[in-house]
Amino acid sequence: MARKQGSSAQSTRAGALGASRAEADGRGSAATDLTSERLLGMYRVMVTTRAVDERMWLLQRQGAIAFTIPCKGQEAAQIGAVAAFDPARDWFYPYYRDVGVVLSLGMTPKDVFLAGFGRLADPTSGGRQMPYHWSLPSAHIVTQSSPVATQIPHAAGTAMALQLRGEDGVVYCSFGEGSSSEGDFHEGVNFAAVRKAPVVFFCENNHYAISVPTDKQMAVHSVAERAPAYGIPGESVDGNDVVATYEAVKRAVDRARAGEGPTLIEARTYRIMAHSSGDDDRNYRSREEIAEWAKRDPLQRFREYLVGQGLLDEARDQALRAEVAEQVDAATDAAEQAPAPGLEEAMRYVFADPTNLGGVNGRGR
Amino acid sequence: MARKQGSSAQSTRAGALGASRAEADGRGSAATDLTSERLLGMYRVMVTTRAVDERMWLLQRQGAIAFTIPCKGQEAAQIGAVAAFDPARDWFYPYYRDVGVVLSLGMTPKDVFLAGFGRLADPTSGGRQMPYHWSLPSAHIVTQSSPVATQIPHAAGTAMALQLRGEDGVVYCSFGEGSSSEGDFHEGVNFAAVRKAPVVFFCENNHYAISVPTDKQMAVHSVAERAPAYGIPGESVDGNDVVATYEAVKRAVDRARAGEGPTLIEARTYRIMAHSSGDDDRNYRSREEIAEWAKRDPLQRFREYLVGQGLLDEARDQALRAEVAEQVDAATDAAEQAPAPGLEEAMRYVFADPTNLGGVNGRGR
Amino acid sequence: MAVNASAATATKPKSNLEAVREAMREEMARDPRVILMGEDVGVRGGVFQASAGLFDQFGGKRVIDTPLAESVIVGAAIGAAVAGLRPIAEIQFADFIAPAMDQIINEAARIRYRSYNGWSCPMVIRAPFGGGVHGGLYHSQSVEAIFAHVPGLKVVAPSTPADMKGLLKAAIRDDDPVIFFEHKAIYGGPREIIPEGDHVVPIGKAAVKRPGEHVTVIAYGMMLHRALQAAEQLAAEGVSVEVLDLRTLRPLDHDAILATARKTGRVCIVYEDNKALGVGAEVAAMIAEEALFDLDAPIVRVAGPEVPGMPYAAALEEWFMPSVEGIAEALRKLAAF
Amino acid sequence: MAVNASAATATKPKSNLEAVREAMREEMARDPRVILMGEDVGVRGGVFQASAGLFDQFGGKRVIDTPLAESVIVGAAIGAAVAGLRPIAEIQFADFIAPAMDQIINEAARIRYRSYNGWSCPMVIRAPFGGGVHGGLYHSQSVEAIFAHVPGLKVVAPSTPADMKGLLKAAIRDDDPVIFFEHKAIYGGPREIIPEGDHVVPIGKAAVKRPGEHVTVIAYGMMLHRALQAAEQLAAEGVSVEVLDLRTLRPLDHDAILATARKTGRVCIVYEDNKALGVGAEVAAMIAEEALFDLDAPIVRVAGPEVPGMPYAAALEEWFMPSVEGIAEALRKLAAF
Ligand SMILES: Cc1ncc(C[n+]2csc(CCOP(=O)(O)OP(=O)(O)O)c2C)c(N)n1
Ligand SMILES: Cc1ncc(C[n+]2csc(CCOP(=O)(O)OP(=O)(O)O)c2C)c(N)n1
Ligand SMILES: [Mg+2]
Ligand SMILES: [Mg+2]
């Protein structure tokens with residue numbers, strides 16, 4: 001697999017959304033070029049994301065998995081943003097909360113659960129990393145770590161590699177608003193801007209970094225206000241509106257692909273659940289605030305939009321939800337039953353050449 | 001000395017400029033509240049700075065000292081900026097090129113030469129650091145290192161300490177435009193902005209970071225354009241105009257002292273000499289460009305300004321220059337003849353408590 | 001006085017987490033220069049609850065929720081320290097200390113020396129470290145060896161509640177920068193009664209946590225507890241094991257290490273970090289340099305493997321860390337040597 | 001072919017600096033995936049002139065002057081490497097590598113392992129290190145021990161022009177991240193004739209630079225040359241010293257180290273870095289664990305002192321670094337033991 005990563009991006013990959021670049025068929029909203037087929041595909045991913053999210057929480061609460069990071073509330077931002085990319089040629093640095101992104105790109109609920117259970121078949125890490133540390137070489141989803149913002153310089157470098165090879169790929173790089181305080185944000189965005197590298201920096205501003213609210217994080221209202229500091233466009237968008245997010249990101253992708261350099265987009269949204277299964281959010285925010293945001297649930301809003309557009313009705317929605325629920329049940333079971341990595345796995349893949357890991361006879365222990 | 005650093009800033013310090021907060025006496029330029037006495041004091045520092053700078057270069061070329069960093073061309077920015085501060089209560093993080101700043105604050109030419117020769121009496125480090133790594137506890141000049149931009153977080157922290165103790169000091173923190181690419185710039189300015197800490201971030205944009213021109217460093221024209229990203233005011237000023245720089249920085253100091261938080265000021269200027277005695281600038285910039293900037297020599301300009309204001313004439317200028325030249329000669333000799341640190345110095349001051357440095361019997365070797 | 005508050009509950013066994021919290025609370029009450037800063041340390045009380053209650057008690061000026069940026073957490077603490085405060089900077093997980101490395105090793109560690117005592121940097125950097133919490137590669141790291149290599153730093157890693165409290169108080173009072181590592185998997189237990197009053201434990205001293213005659217095991221952090229369990233096992237087999245808790249990793253307690261090596265002549269060093277250039281390498285080298293002819297057996301190290309991080313999958317996580325059984329086996333072999 | 005260019009001058013002795021430049025030029029000519037990025041590496045040719053001429057030869061797309069920001073120099077190189085390039089990232093001085101620590105130890109080192117071979121990170125980080133150039137605390141550092149501790153990295157520090165060139169070529173071709181340290185005080189000399197053609201030296205192998213019978217001295221970097229001089233002194237006194245050049249610091253050449261320790265039974269390890277947890281600690285620990293009973297004398301380390309940096313004043317700078325005389329003295333004592 002590692003061999004492949006350098007090949008020009010002509011591999012046969014197809015995300016759950018398909019890779020169609022078709023024009024709008026007129027049935028979408030006036031404000032979007034998304035076809036109804038794509039809109040419905042996005043809706044399916046959103047329903048699936050929600051179901052996977054809730055299942056992971058449940059599994060954690062049952063003690064079946066060690067850890068989960070909920071994305072509830074941020075699905076529209078994620079799915080809208082990634083829909084603007086072309087899985088066949090673009091590259092992806094999704095941050096941990098981006099379940100909606102990776103499911104859009106062809107990861108499956110089972111993949112997410114395999115990581116949760118720490119199974120050998122976990123495509124992100126063979127059970128080595130905590131869940132939500134995405135990686136899928138075949139989809140150009142580049143391996144992620146826990147230290148926040150480190151992916152921002154990586155994304156800049158990947159974009160420069162595409163430039164150098166004359167490819168027309170664009171890089172998706174997401175992060176939370178808190179992570180924009182890290183030095184790596186500044187260094188990565190600045191370098192990308194200087195080189196006019198094809199990246200879209202996508203900030204999911206969910207108003208908290210664990211317990212820290214944005215006003216303790218930065219003295220600006222919007223992370224998009226940081227864009228002019230790098231001489232690049234910035235845009236703030238309603239991250240609970242999937243179509244609006246798509247449109248904003250699409251403009252940025254088009255700019256990048258045209259050689260005009262990076263854009264910084266902030267999607268304003270909210271994390272409905274605690275930061276993670278290890279967090280207790282009761283002492284840092286009010287129940288009222290959460291309830292207020294819950295009213296703007298992006299899934300509900302997308303459903304209403306599709307119904308309004310005549311693309312969805314109650315029956316079709318029920319059927320889709322049942323289908324997804326079944327898929328998620330099956331995926332849970334399959335993942336749980338998959339084998340864990342054995343001890344013989346432990347020392348593999350430190351280096352390409354496994355002959356010397358240091359220590360006695362190079363055995364590394 | 002270290003004992004003193006925490007005491008509230010009531011120590012008896014007086015910079016070469018004096019600490020007078022007197023109102024303008026009307027003889028200064030219409031645009032400034034600087035008294036003629038202060039203006040002439042600043043001019044004397046500028047003449048001294050130039051003489052020290054040229055002497056250090058000469059000493060290095062003669063092989064008498066190992067290293068020098070010229071500041072020629074940036075003196076107005078430095079001396080104008082620091083003049084806006086109150087040495088009696090303010091704190092200083094001057095970067096290596098800031099000879100004009102430290103001489104304004106009471107360091108002497110001899111101090112600079114002592115560091116150049118690596119003498120025990122070097123007040124910055126007892127001969128341990130390379131020259132230009134400023135430190136003078138009695139003047140609240142905080143010890144500097146070589147890694148650029150690390151002082152920016154320090155300045156934020158010092159400003160927060162002043163806030164916490166209810167003192168009204170303001171922190172001066174300077175750096176080059178290249179250093180504004182470091183993550184520490186972003187993290188430090190951002191945190192200071194969030195806490196409304198009393199700091200003035202002063203960027204001396206001399207158009208190069210060693211060989212790297214600003215357009216490879218950033219995609220904005222001015223470092224001041226980075227201020228809005230932190231929700232703070234930014235201002236770009238002609239750094240070769242000592243009075244204009246003073247006025248801009250004064251506004252920032254006043255804001256900070258009034259509790260309104262940090263400001264980012266860029267002084268546009270130019271480094272006339274090579275980056276350091278180790279640099280050869282011939283392959284990265286044209287002689288014409290240098291000649292163009294040499295015409296805007298800040299020392300020449302300040303002199304003309306003072307003559308125009310009737311504060312200086314040829315005779316007084318000659319006398320002052322002769323005096324300074326003599327002082328610099330004497331300082332050179334005194335510094336050269338001062339003793340180098342002996343080996344018994346080498347292990348001192350690792351810790352306050354010298355009993356255990358590790359190793360055999362805690363001897364650390 | 002905070003001492004009263006602690007005296008009231010002094011007879012109850014406390015956890016390491018409570019020890020950390022008590023030390024900070026008492027020192028903040030005692031000395032107005034002490035402040036705490038870090039991610040989520042304020043309203044949230046820290047992600048491990050180490051600072052629970054401190055924000056309410058001391059206010060937002062002294063218990064500061066910082067932006068998510070480790071270099072400025074440490075860097076601003078340095079700036080506050082040189083200006084006369086005594087900051088405690090919390091790094092949420094030791095795994096996330098790397099962005100602050102420049103500030104720690106190039107700044108904090110060198111400030112006194114480089115300024116010829118003109119300035120100093122009295123501050124503590126606290127960081128939960130170590131594995132065993134299903135944290136995978138980035139919530140399980142042992143990073144102490146890097147700092148234990150750096151002159152100008154003191155590095156402390158206590159294993160028991162009394163030491164945890166006493167050493168943290170010593171660290172806060174120290175006039176120089178101290179990196180203070182708390183093993184997160186033993187935050188909750190084993191509990192112990194902490195001596196009443198102003199309990200301060202000096203930095204730089206190891207402690208014999210179990211005296212013995214035949215073999216020495218040297219450890220710190222969670223491994224100290226596994227070493228103690230292994231010693232208990234061997235006692236049942238008639239082997240008397242001395243257990244030395246390093247407690248301070250820089251400067252190492254040269255005398256205590258050599259004393260136990262000379263006493264038993266058989267030394268096993270246990271650490272969770274990967275073996276090559278882990279703290280045990282220096283302990284072994286020190287003994288090989290100064291007590292070689294007192295040894296009756298090779299110096300054995302039981303440590304983590306040379307892989308780039310602790311895996312998440314439960315079996316692999318356990319595989320990574322030295323086990324009680326593995327330690328016992330090494331001690332058995334040493335005793336029989 | 002670049003090989004021709006080098007062949008034309010192959011008979012002239014070359015410096016370490018020329019070796020570095022030749023290796024980069026040949027590899028960039030051979031493989032279009034190789035790029036160079038760093039501060040001043042382009043038009044200026046690097047502050048040490050290591051990349052002089054490469055900008056003209058390969059253009060600004062492959063020889064990239066970066067902003068002044070080490071974390072993104074390494075981080076962008078990682079992003080380019082995972083996307084299929086083979087970047088060489090230059091850190092201007094090893095002293096300034098700390099801001100990139102997170103990218104190196106948490107990212108580059110772990111990419112293959114954490115993704116279960118899904119991704120890899122073939123890149124080289126070059127950094128001039130070491131003292132002796134009046135660089136004070138921040139232009140003299142030896143930082144190799146920190147990286148030599150980290151699984152997933154390879155760490156190389158050659159001492160002679162042939163090794164410098166051959167190992168840099170090997171590093172550029174390696175499929176994993178290599179940290180490549182070049183001692184700046186020996187950039188200019190001693191010169192040596194570099195073998196013609198495609199000269200590649202394998203990573204992970206130490207070299208006996210002088211065979212001997214009575215005592216072993218193990219070193220790397222500039223200290224290798226001082227060790228050789230000390231060996232020469234001792235030869236005149238009738239003591240035959242074997243000099244082992246480690247060349248690679250991670251993974252250490254286990255077999256070569258044990259072989260020489262077993263051969264002479266008397267081992268001295270020399271390094272410029274401060275002693276505690278420097279690279280020599282692991283070498284000593286390894287010998288104490290696996291060859292203890294082959295030793296006739298304690299394992300001695302001659303290394304830098306436990307102070308936070310090399311002073312600028314000339315006498316103190318020389319005091320910091322192990323001297324030929326100091327090494328000779330240690331070898332003499334060992335031989336007489
Ligand atoms: C370098 C680093 N420091 C600290 C952490 C611990 N941590 C994990 S997530 C998080 C908050 C991130 O907030 P934000 O960037 O806003 O993203 P969100 O979780 O809100 O989506 C923190 C502090 C980390 N993972 N990495
Ligand atoms: C972290 C770090 N990286 C690299 C260097 C080497 N270096 C010293 S000065 C310099 C250029 C600084 O440029 P700028 O900030 O514009 O200041 P100027 O020298 O132009 O005044 C560089 C790269 C350093 N000192 N610190
Ligand atoms: Mg957030
Ligand atoms: Mg500059």
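Values below: all heavy atoms of this structure, side chains included; hydrogens, waters and symmetry mates excluded. Just so it is clear: chains get the letters A, B, ... in the order the sequence lines come, proteins before strands, and each one is counted from 1. From a predicted model like this one, the values you see are computed outputs, not experimental measurements.
Residues B:V200 and B:Y172 have side chains not in contact (no heavy-atom distance under 4.5 Å, counting atoms from C-beta outward). In this structure, the side chains of B:M130 and B:Y96 stay at 4.5 Å or more apart for every pair of heavy atoms. Looking at B:E235 and B:R251, their side chains come closer than 4.5 Å, going by heavy atoms from C-beta outward.
The cationic group of B:R296 does not satisfy the cation-pi geometry with B:Y270, failing either the under 6.0 Å distance to the six-membered ring centre or the 45° limit from the ring axis.
Contacts with chain B were tallied for A:G231, A:G261, A:A229; A:A229 has the most, counting heavy-atom pairs under 4.5 Å. Between chain B and the options A:H221, A:E225, A:E182, A:K216, heavy-atom pairs under 4.5 Å are most frequent for A:E182. Residue with the most contacts toward chain B among A:R195, A:Q217, A:K196: A:Q217 (heavy-atom pairs, distance under 4.5 Å).
Checked for salt-bridge contact, A:D281 and A:R287 meet the test: a charged N lies under 4.0 Å from a carboxylate O.
With a 4.5 angstrom heavy-atom cutoff, B:T214 does not touch chain A via any of its atoms. Residue A:F185 touches chain B through its side chain alone, counting heavy-atom pairs closer than 4.5 Å.
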